Structures are given as C-alpha cells and as structure tokens.
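Everything on this sheet refers to the single structure shown next.
Note that ligands are numbered from 1 as they come in the structure, with each ligand's atoms numbered from 1 the same way. The structure displayed is predicted, hence computed values, not measured ones.
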Amino acid sequence: MAEQGKKGGSPGISAHSKIDSLEPHREDLTGTVLSTDQGIRIDSTDDSLKAGARGPTLLEDFHLREKITHFDHERIPERVVHARGSGAHGYFQVYESMAEYTRAAFLQDPSVRTPVFVRFSTVVGSRGSADTVRDVRGFATKFYTPEGNFDLVGNNIPVFFIQDGIKFPDVIHAIKPEPDREIPQASSAHDTFWDFISLMPESTHMIMWVLSDRAIPRSFRMMEGFGVHTFRFVNAQGKSRFVKLHWKPLLGVHSHVWDEAQELAGRDPDYHRRDLWDAIERGDHPEYELGVQIIEEEDEFAFDFDLLDATKIVPEELVPVRRIGKLTLNRNPDNFFAETEQVAFHTANIVPGIDFTDDPLLHVRNFSYLDTQLLRLGGPNFPQIPINRPLAPVHNQNQDGFMQQRIKQGRAHYLPNSLAGGCPMTASWESGAFVHHAERVLGLKARLRSDTFKDHITQARLFWNSLSAPEKKHLIRAARFELGKVATREIRERMVARLGEVDADLGRLVAEAIGVAAPAGQPQVPSKGTATGKRSVGASPALSMENTVKDTVKSRLVAVLAADGFSAAELAAVKAALEAAGAHAQVVSTRLGTIHGDDGSAVEAERSLLTARSVMFDAVYVPGGRASVEALAATGEAVQFVNEAFKHCKAIGATGDGVALLSSSPLQGVALAGASGAGPLVSDKGVVTLRDPAGLVPFSHELLRAIAQHRHWDREDVAQI
Ligand code: HDD
C-alpha cells in the first residue's frame, strides 16, 4: 500500500478498501522513464523534431503529435450545475445496527467502515469561479457499500427551489449568467433570477435559506448536509418507513459574514477548497454524523405539509434527528481530474433497504443524473472509471460503447441463455437483490400538482421566526443586496410583496432600502397545522445557527501579528494554549522568514501582511514587545488587519504592548485592559486584552472561549457590515 504510506495512512480503509480496489489504476511517476502512450521511451520532450536547428518541424514527430493532441483534448464539459467542487475520501461507520429500520448492509455493523468519496460544490458558478459566493452548497456522498454504490446527492439547505423537476431547467437558466451578456458569474443578484423567483411562490421557503448566512458557509467542514427528499428505509421483512437524511458537522454550523465572503472571493477564490485540503493534510479530519428522522407510514398525512414536497422540512422538534453513524474525511484525492471531476453521482444509485418516495423532484432527478453523465463523461461506460467503480462485483450484459474497459468472455451476452448456463443469474430479496418497494399507485394521468403542495408561506415564516436577531439582520441585508442589484423595478416590487407575505417587517425593511414602496402589511395567518389539527410548530430552534456547537476551537486558524522584538514569553504561552486546544496559530509579520523575539528566540513568519488578510483567519492575537508593535503599527496594514477582524466580529486578543496596537485602531465602544479604569484582564465583545503578563493563563482561557463563540454579533451595533 505505497499510496497509503505516501498520504500518511488512511485509518479505517483497510483490507476491503476503495484504495485497494483502485490501486492498479493509481500511478506514481517517481523513478519512472518517460514514454509515449504506446510505451515507447522518449529521448527528449523539449524540442520538436526539425529539419535543421532553424528548419521546419516534421510531421514525423509522433511524440509531438501525441503530446499536443492529448493536450488539446484535456477538457471535458463542466457540470451544467455544481461545476465548481472539491472532493475528499473517507469512511462511514454506523454507531449501532439499524436492522430494525433498514436492511442496507452498510447500516448494520458498527465495526465496518464503508469507504466513501464526497464532493462539495457551489451550484451556479463555473469550474473556475470563487468559492465564497452566496449560493447553495452541494454535499454529495458516494458510499462504496458491499451491495453496490449508494449516492446521497444532497445540499447544505434542506429544501429546494421547486417542487417538480420539470422546472429545473427554468430555475437554472434564471440563476446562471444572463444568456445575452453572460453576466454575472456565480451570483444570483441579477434580474433574471429574481424575475423567476418573484413569479414562483413555491420558491419562497428556499430563498429564505439562500438569503440567510447558510449560503455563505465558513467551511465545507462546518455546514450541514441534507438528502432533501423523503426517502424510504425498508427492513429485511419488507416493512417501509419514511426517512429524512441529515449530515451534522461535529464542528458546528458556522458562516462567514457577507463582507468577508466578498473579500475572500477576490483575495483567495479557492478559500473553501484550500480549507478542506489543508485541514485533511493537517489531520483535522472533517466529521459529520448521519442523522435520520424516521416517520411511520401511518403518519404520512399527520403533518401540516406533504412529505413528498421538497420545499418542506420536517421540523426537528416534531421528529427528532437520531444520529446513527459518522462520516470521516481523511484523505485528499491524488488527482483532481481523475477523482473529483470524473466522479459521477446519481440519485438513483441506491441499495437494498433504501428506496424512493413519489417526490416529483426526485423522480426527475432519477432521470437527469444518468443522462448528464453520458454527455459529460462521453458515453455509457463511465461507471468503469476508477472513482465510480463499485466495490461490489458487477456482472451484466451491458456491452461495447465508447471506452469499454472490460473484456467480456463468452458469446452469450443475453438473457435467458443456455450457452452460459443461464448466467449471470438473477437474485431475490433474500439473496441480496434490490426489489422495489411494492407501493400501491392509483391515479389519473394528467399534469397535476397536489393541493397538499400549495402552502408556500408557512415554512418560510417558520424559518424566519426561528432565526436570532443577528441572523434576521443579515437576511435583510442579503435581500437588500440581491434585490438592490435588480434593475427592473417591477421585479423588486413583486419580491418585497412576497417577503411581506412571510413577514410584514421583513418586506418593509427590504423595501425601504431598494427604492420601492413597502408592501401592504400581511395578517399573520396561523399555520395550516393549527387550523387543521395537524402536527406543526411555530418556531424551530434547530434552524438557527445561534444554537449550534460553540464549545470548540478545533482546527480554527489564528493569526499572530508579530515582528522582530515580540514578547517571546507571551507568544509562546498563548500559541501553546491555542494549539493544545486544537487551534492553529500562524505568525503573520511585515515580511516572510525568521523573526526574533525579545529574548533572541526565533519563530518563522509563515505569512506576511502582503499575502495574508484577517479574512483568512478565525481570530487574531497580538503579543507584546514594543519594537514588534511599533513595526506593525508603522505599516498601517496591521491596524487594518485588526480593524477588519473587528468589523467581521471575530475574536481578537492582545497582551502587554500588543494592546497598544488595538488602541490605535478604532474599536469603537470596546473596553481594553489598562484603559481608564479597566483591569489587567478585560474581555469585552470578543476582544480579550491583558496588560499584566502574570495573567497569561486566564487570558488564554478567555481568548479560547471567545474564539469558540465563532462571531460576536453584539459588535454589529457599533460596526457597519
Ligand atoms: Fe442536482 C448535480 C444536488 C435537484 C440535476 N445536484 C448535483 C450535485 C448536487 C446536486 C450536490 C453535484 C454532484 C457532484 O458533486 O457531482 N440537485 C441537488 C439537490 C437537488 C437537486 C439536493 C434537490 C433536492 N438536480 C436537481 C434537479 C435536477 C438536477 C431537480 C434535474 C431535473 N444535478 C442535476 C444534474 C447534475 C446535478 C444536471 C449536474 C452534474 C451532475 O448532475 O452530475 O444532473
């Protein structure tokens, strides 16, 4: 297993592993000799074959022609949506057998680690677009189970724009760059998108999520995932129950602030990709628990919404999410194209024990994903590409087609046959076959939408009512931004009318910033549930990111602003405390290279104020040392660094003379240690300062607590974001 060794090992992916099965396809060029694709060794690849040193290039140069031709054919069509993505390998392990609910083999045995490949993505932008744009994030997982591949092709938002897949081309055409001018890239803030949305009441719930901070995640590692549709779990006895699938990140759900996301799109457009890659290389393996909401078939109509409607959630307060296992991402791909680009997900890739419901969005997806791979990957043999190959044996009579990799023996490529002894033989449910759940179906053939799909406001309002005050404020600002970019006044008017239906204040507050009249106030109609006696909630605390995990600094990046003359004792103590808690401290200085502390000790400045900005970090710490602080203050950039971290509500710490750097920046309304009357250790709105070096232990403790909070929204009253 040379490859595992190279990557520092992949705990859990052992004997029956994806790496093992891919190993023959992985290629390490170390120590090899250059050859053509035909295996002919090459003497030079720097000069083409010419008639004389200054003469014409000769057609005879087969190496040149092969090399250039291959290069010319390197690109394949990017995905029509979700083109920009990042992948990682890992494994899934169930906590306890789920046999009561499903016969799926990978959900039976807690000792088994099922290999997975996950691809995260944005939806709208092209392959080269920025990571931190406002958008839905894809969260697609391929489980290489012993019974075949199961693909959970989800998003970080639990609902969708539309209820029927037939509208998918419309919503995507509307949100993609406008077809005449090909503007804007990777952004929904333009006329065609909001034109469409303003005419599509069923999108109301989804756009509340898209306007929320969920659409600007801090990291792929810190966002939830959702299967969106209601699926079925079917146990060995054939009993079916409805199930909603969730991914819950152990680091909690955290977001950027909008200004920061925009700045990152310019300063580090690869921010999320880099974050994922670096975290895995550092050993900060992203972890997510698989959550299930299980609903008995008898309860299909118990809720004030339809379980088949993908614009609705099942509130966690009505059906708790049970965490049944854990996904760990522990290995970066070896080759972006071969793995992340060529991986082909498909909602119809399911295994015995999991089944579909009649969600009309899901049914169209079940057609679309196979179809799209045929174009993107060039033909029907894409399941033979290494990253797509199941670990389960594949035997069937599919044959031929572009790029066929299998060499099938025998002449009976049909069934039934006698010449091949009737092989391959079919299986039964008992012997591991997928058997479609025998659902009774009755209906008139017509283009219809169920009446139970027609309430588009109740859950949009539930989402709004469940947000904290800062989250509401951010959503209002997002709507002002998005609609503020819409040139057509009538579209803006229609949209504020819709937002007003969700909440009168929301409509009014958005309207007043975008030059249209406030919509007439809407009566707060009770949810249908209240009226019909069906199960419903008025608020769902699980929807607010305020209630997420806030007790860890694990994997957080902290910038340490220091220059020659820094206080070695302060820096060492705080850095040690950060690292002991699982955070990472990176010294940012006026230049790269070695800098020296006040006791002559050396540390490496990994980043300079030229290449690093506070938006790339979770928090900032400024150690003392007069010479260091003066050198930093002289650049102006260090002050800007702190100011920006303050504006983005991040934790800031300073000790000794470092507090002076903070005093020179306009941190309005924040108490600093040593300032008139303030004590030696002061912690105010996430700014933690210490004058007295004797207090480094409580200081570090307080700084860690401030970082774990992720953001200090109470500052927004004084900082304009
Ligand atoms: Fe989709 C890609 C998620 C509705 C058609 N979709 C794609 C990916 C994700 C999702 C994560 C990227 C997979 C990867 O990383 O390769 N899509 C969703 C979710 C939806 C959804 C959660 C609603 C619940 N999608 C949806 C509909 C259709 C499609 C209704 C078509 C009718 N989606 C596609 C596609 C893509 C795709 C065109 C583009 C590339 C690909 O499939 O492999 O077929």
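The closest protein non-hydrogen atom to atom 13 (C) of ligand 1 is Phe345 CD1, 3.8 Å. Of all protein heavy atoms, the one closest to atom 15 (O) of ligand 1 is Arg119 NH1, 2.6 Å.
Proximity of His229 to ligand 1, defined as any heavy-atom pair under 4.0 Å, is confined to the side chain (atoms from C-beta onward).
Nearest-heavy-atom check against atom 23 (C) of ligand 1 across Phe120, Phe117, Phe160, Phe139 picks out Phe160.
Under the 3.5 Å distance criterion, with hydrogens and angles disregarded, no donor-acceptor pair is assigned to the side chains of Arg84 and Thr122. Remark: the Glu482 side chain and the Ser188 side chain contain an N/O donor-acceptor pair separated by less than 3.5 Å. Counting only N and O atoms by type, the side chains of Tyr271 and Arg218 include a donor and acceptor under 3.5 Å apart.
By the ring-ring contact (aromatic ring centres under 6.0 Å, His included) test, Tyr369 pairs with no residue at all, sequence neighbours left out.
Aromatic rings from Phe150 and Phe143 are positioned such that their centres are separated by under 6.0 Å. Outside the 6.0 Å centre-distance limit, the rings of His73 and Phe71 are not counted as a close aromatic pair.
Below 3.5 Å of separation, one finds an N or O of Gln373 facing an N or O of ligand 1. Taking distance alone, with nitrogen or oxygen atoms compared against 3.5 Å, Asn155 stays at or beyond that limit from ligand 1.
Between Trp247 and Tyr288, the two ring planes are perpendicular [angle over 60°; tilted spans 30° to 60°].
Annotation: protein N, O or S atoms under 2.8 Å of atom 1 (Fe) of ligand 1 (waters excluded) comprise Tyr369 OH.
With respect to Lys326 and Glu289, no salt bridge is recorded, no charged nitrogen being found less than 4.0 Å from a carboxylate O.
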